[in-house]
2 protein chains.
Amino acid sequence: MLGAAVSVFLSTFENKVDRKGRVSVPSSFRNVLSQQRSTGIILYPSFKHPCIEGSGDERIHEIVSSIDAIDVFSDEAENLQTILADAKQISVDSDGRVILPHEFVLHAGISDLASFVGLGKSFQIWSPKNFSIHRQRNRLRAREQGATLRIISSSTEGT
Amino acid sequence: MLGAAVSVFLSTFENKVDRKGRVSVPSSFRNVLSQQRSTGIILYPSFKHPCIEGSGDERIHEIVSSIDAIDVFSDEAENLQTILADAKQISVDSDGRVILPHEFVLHAGISDLASFVGLGKSFQIWSPKNFSIHRQRNRLRAREQGATLRIISSSTEGT
DNA sequence: ATATTGTCCATAAAATTCCATATTTTCCCT
DNA sequence: AGGGAAAATATGGAATTTTATGGACAATAT
């Protein structure tokens, strides 16, 4: 275990998917999950991208309360409810591995490698090939939209 | 180290990278980090230069809160998440050393020496050769542009 | 039965801890 | 101020632990 314990999902890890569909959850992600007292991980297909969205069950509670907070019959509420309907709770075995549900694997185009991508409070699981395309596109856009960097540097200013 | 306890990353230090990829973090940098209560350091590849960007780990929390402050599905949020996906948290061992991640070493063209360059609130890690080129270019440009520099005085400085 | 799931063991690679040493720097004493 | 003991640094290497990953086996469900 890494001495440093930042409690957010960080960095990208590429792990192998074996013949039985098992794949190791990166150990630093497992640490974040255990800090959240998550019994397992929650997975659901992304509707924006060909990837799997993942988080501890903390995140699901947030989504549930968001739904409560908005109009029950609004489109937004329905979108969020779709997430819940599609989500699955997956248990992590004693060696730190999970089995990715078959439908999700198809949705993400994953075969024998899976990229776990840390996004702070949540993470994504991609096929490495799709992820590198996505990443490249994001980098280009981030460069065009200089605003991003401004936000960061202004919040550092305090210190 | 008792010296001048300046709480910003300052000056440049060239340290050896051993066979295992370990390199000592300059002790004055370590002092800054411990003052910031950083348990480790955050590293990520620079978009602008062939070098590694570094800072204390509080920066990650700033980025995560920036993400929280905006719409989860926006481009803006994704831009910021890209930074998290590329960043790594590295722990500093009891002897004050870190292991530079292989991808970052490649990006920066580092082999057996690494230059730690203090930039105030953050720092960079360069291969000494690339850094000297970079510095030279910066100096030339500064001279051509007349090196204007506006100093913002802090509130305590009166006048 | 047959396929799927969960538990357990084995192992190689990588990371972390621990120890050793040479060189400085700091500090104290006379 | 100078000498030297003590602490701090940068660096090398060894020992130990953690990970990721593959396979065997029993338990379950279809």
Side-chain angles (χ1 to χ4, degrees), chain A residues 1-6 9-35 39-41 43 54 88-106 110-118 123 125 128, chain B residues 1-6 9-35 38-43 57 88-106 110-118 123 125 128:
Chain A
M1 197 234 276
L2 220 62
V6 178
F9 299 105
L10 202 65
S11 183
T12 297
F13 302 86
E14 191 176 303
N15 287 342
K16 279 189 190 168
V17 180
D18 72 14
R19 232 173 314 170
K20 293 167 72 176
R22 294 179 301 186
V23 59
S24 290
V25 177
S27 90
S28 70
F29 284 23
R30 291 192 320 250
N31 291 333
V32 178
L33 291 168
S34 75
Q35 246 183 334
T39 52
I41 63 178
L43 300 182
K88 292 198 175 187
Q89 181 167 34
I90 307 297
S91 63
V92 180
D93 73 20
S94 56
D95 297 316
R97 287 182 284 197
V98 293
I99 295 183
L100 302 176
H102 191 58
E103 324 90 83
F104 295 177
V105 165
L106 288 183
I110 290 170
S111 57
D112 58 342
L113 284 173
S115 292
F116 285 76
V117 182
F123 58 91
I125 308 175
Chain B
M1 199 272 202
L2 296 184
V6 182
F9 299 107
L10 206 62
S11 179
T12 297
F13 303 86
E14 190 175 304
N15 287 342
K16 277 191 191 168
V17 180
D18 72 15
R19 232 174 316 169
K20 292 165 71 179
R22 291 181 303 187
V23 59
S24 290
V25 176
S27 91
S28 70
F29 283 24
R30 292 194 317 252
N31 290 332
V32 177
L33 291 167
S34 74
Q35 243 181 340
S38 256
T39 51
I41 63 179
I42 300 292
L43 299 181
D57 52 26
K88 288 205 176 198
Q89 196 195 28
I90 306 296
S91 62
V92 180
D93 72 22
S94 56
D95 298 318
R97 288 182 283 196
V98 293
I99 296 185
L100 300 178
H102 189 59
E103 323 89 84
F104 295 177
V105 165
L106 288 182
I110 290 170
S111 56
D112 57 342
L113 283 173
S115 292
F116 285 76
V117 182
F123 58 91
I125 307 175

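Labels below follow one simple rule: chain letters A, B, ... track the order of the sequence lines, proteins then strands, and each chain is numbered from 1.
Among the heavy atoms of the strands lying under 4.0 Å from Arg19(B) are primed sugar atoms or P, OP1, OP2 only; no base atom is included. Note on Val17(B): nothing from the nucleic acid sits closer than 4.0 angstrom, heavy atoms only. Looking at heavy-atom distances under 4.0 Å, Val92(A) makes no contact with the nucleic acid at all.
Closest approach to the Arg22(B) side chain among dT17(C), dA24(D), dT21(D) is made by dT17(C) (side chain taken as heavy atoms from C-beta onward). Looking at the side chain of Lys16(A), the nearest of the listed nucleotides dT7(C), dA20(D), dG22(D) is dG22(D). Residue Lys20(A) has its side chain nearest to dT5(C) when only dC8(C), dT5(C), dA15(D) are considered. Candidate nucleotides dC8(C), dG13(D), dA20(D) were compared by shortest atom distance to the side chain of Arg30(A), and dA20(D) ranks first. When distances are taken from the side chain of Ser91(B) to each of dT11(D), dT16(C), dC8(C), the shortest belongs to dT16(C). Side-chain proximity of Ser24(B) to the nucleotides dC8(C), dT21(D), dT11(D) is greatest for dT11(D).
Ring geometry for Phe123(A) versus Phe29(A): interplanar angle of 30 to 60°, hence tilted.
Asn15(A) places a side-chain N or O within donor-acceptor distance of the main-chain N or O of Ser24(A), the cut-off being under 3.5 Å. Counting only distance, with no hydrogens or angles, the side chain of Asp95(A) and the backbone of Arg97(A) share no donor-acceptor pair below 3.5 Å. In this structure, Ser38(B) contributes its side chain and Asp57(B) its backbone to a donor-acceptor pair below 3.5 Å.
Straight-line distance from the CD1 atom of Ile99(A) to the P atom of dA20(D): 17 Å, rounded to whole Å. Here the P atom of nucleotide dT17(C) and the CG atom of Asp18(B) are 16 Å apart, to the nearest Å. Per the geometry, NE2 belonging to His102(A) stands 11 Å off P belonging to dT5(C), to the nearest Å. One can place CG of Asp112(A) at 15 Å from C1' of dG22(D), the figure rounded to the nearest angstrom. Atom P of nucleotide dA15(C) and atom CG of Asn31(A) are separated by 15 Å, given to the nearest angstrom. The NZ-P distance, from Lys88(B) to dA14(C), rounds to 13 Å in whole Å. Rounded to an integer number of Å, the gap from CG of Leu113(A) to P of dA20(D) is 14 Å. Across the protein-nucleic acid pair, Asp93(B) atom CG and dT17(D) atom C1' stand 15 Å apart, rounded to whole Å.
Partners of Lys88(A) under the salt bridge (Lys or Arg N to Asp or Glu O under 4.0 Å) rule, at least two apart in sequence or in another chain, are Glu103(A).
Contact annotation: side chain of Asp95(A) to base of dC9(C), donor-acceptor pair present below 3.5 Å.
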